[in-house]
Each structure stands twice: as C-alpha cells, then as structure tokens.
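Let me begin by presenting the structure, written as structure tokens, before commenting on it.
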Amino acid sequence: CILAELLTNNALFQGNEDPDPKAFQNDQMEKIFDVLGPLTPQKWEDVNQLIFYDKIKEKQNENRPITKSLRNHLKFRNSFMQSGFDLLTNMLDYDPNKRITAENCLDHPYFQESPFPANDSLSFVQH
C-alpha cells in the first residue's frame, strides 16, 4: 500500500486504529475490504487459520460490493500505467503464497518504463 500512497499522495487504507494493540482492528479491515473485496477462502486458502478469522468472517459478506475499487482509487493518476497497476495488485494479494516477492518486484516491467529514477532523485532533501 506504500507504493499506492507514494503515487497518489493519499493513504490507501486510512483506518482508525483501536488503541489496544491486541484488539481486532475493525475499521482498518473495513477499509481494506472496501478496496480489495472480501477476504474469503477462495482468495486465500488458509485464511481460516488467522486468529481473528471469525471476526473477519462476521464483518463481511462474500457478496459485498467493492465500494472503492483499487482501479478507481488510482484512476486520477495519468502517470500510473497498466504495469504499475499490475505490480500493485500483485503486491496486495491477500494470499502471501501468491503475493509477488520483493525480488520479483524489482524485475517487474513497471521498473523498466519511463520515468526512470535519476541519480540525484533525493537531491531535494536537505541535510
């Protein structure tokens, strides 16, 4: 989600956290489901092994519409090409076994397209 934030200057999943670190972060999960859709065993076979899966399951409907699709969230970014969208969707896959690895990210076509990073890309940072 950091890639999406860097490209859009907006938080992708801006939730309100429960101050209890052991609490189920309901609002955060709602924001994720709104963009990525429900978390189901069809999307991640082992999801039922998560500690909070019962809470996740009761909070969502498998037929729930995606209210803010990822594509719609990023549509105003003209510079965000199809390959960037493909990279981001692969990075956000619910299933960690299907999610793109960091190594494969670096080889993704998105990083072979213009605009390319410059040697002085952080030159605006004052020391």
Side-chain angles (χ1 to χ4, degrees):
C1 62
I2 293 172
L3 176 62
E5 292 177 22
L6 288 170
L7 294 170
T8 64
N9 291 324
N10 291 305
L12 182 58
F13 306 123
Q14 183 64 50
N16 296 314
E17 290 200 16
D18 187 313
D20 178 358
K22 294 182 180 179
F24 177 70
Q25 299 297 327
N26 182 56
D27 188 62
Q28 186 70 53
M29 295 306 297
E30 289 288 328
K31 301 296 191 271
I32 294 169
F33 299 150
D34 284 346
V35 175
L36 301 181
L39 176 54
T40 64
Q42 290 77 23
K43 291 185 180 177
W44 181 8
E45 188 176 318
D46 297 328
V47 69
N48 59 351
Q49 295 178 23
L50 293 176
I51 295 170
F52 288 116
Y53 183 63
D54 290 339
K55 290 187 181 194
I56 291 170
K57 195 172 175 181
E58 75 184 37
K59 291 305 274 175
Q60 63 183 3
N61 174 344
E62 290 188 17
N63 298 318
R64 171 192 184 136
I66 299 174
T67 58
K68 301 174 188 170
S69 76
L70 186 58
R71 187 172 295 283
N72 287 340
H73 185 78
L74 300 172
K75 73 179 179 180
F76 61 90
R77 292 291 302 190
N78 295 334
S79 63
F80 197 66
M81 298 173 227
Q82 181 59 39
S83 63
F85 182 76
D86 179 70
L87 173 61
L88 188 58
T89 56
N90 281 293
M91 292 171 79
L92 294 174
D93 196 308
Y94 280 130
D95 187 338
N97 295 316
K98 295 178 185 171
R99 195 175 305 137
I100 193 169
T101 65
E103 184 176 358
N104 288 338
C105 281
L106 294 174
D107 292 331
H108 193 277
Y110 174 73
F111 293 109
Q112 310 306 316
E113 298 174 351
S114 179
F116 300 106
N119 288 338
D120 63 348
S121 60
L122 295 177
S123 63
F124 65 90
V125 178
Q126 295 185 7
H127 302 280

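Between Val35 and Leu92, the closest side-chain pair of non-hydrogen atoms is not below 4.5 Å. Using a 4.5 Å cut-off on side-chain heavy atoms (C-beta onward), Leu36 and Tyr94 make contact. Between Tyr110 and Leu88, the closest side-chain pair of non-hydrogen atoms is not below 4.5 Å.
In plain terms, the two heavy atoms of Leu87 and Cys105 that are nearest each other are CD1-SG, 3.8 Å. Of all non-hydrogen atoms in Gln42 and Lys98, the two that sit nearest each other are O-NZ, 4.4 Å. Here the closest non-hydrogen pair linking Asp93 and Asp95 is OD1-N, 2.9 Å. Scanning both residues, Arg99 and Met91, for their nearest heavy atoms gives CD-O, 3.2 Å. Annotation for Ser83 and Glu113: closest pair OG-OE1, 2.6 Å, computed over non-hydrogen atoms. Counting all heavy atoms, side chain and backbone alike, Leu39 lies closest to Trp44 at CD1-CE3, 4.0 Å.
Qualifying salt bridge (charged side-chain N to carboxylate O under 4.0 Å, His left out) partners for Asp27, counting only residues two or more places apart in sequence or in other chains: Lys31.
Within 6.0 Å of CD1 in Ile2 there are 12 or fewer heavy atoms belonging to other residues, nucleotides or ligands. Within 6.0 Å of CD on Gln14 lie no more than 12 heavy atoms contributed by other residues, nucleotides or ligands.
The CZ atom of Phe13 sits 13.0 Å away from atom CD of Glu30, with the distance rounded to the nearest 0.5 Å. For the atom pair Leu106 CG and Gln112 CD, the distance stands at 9.5 Å (nearest 0.5 Å).
Between the side chains of Thr101 and Glu103, no donor-acceptor pair is found at a separation under 3.5 Å.
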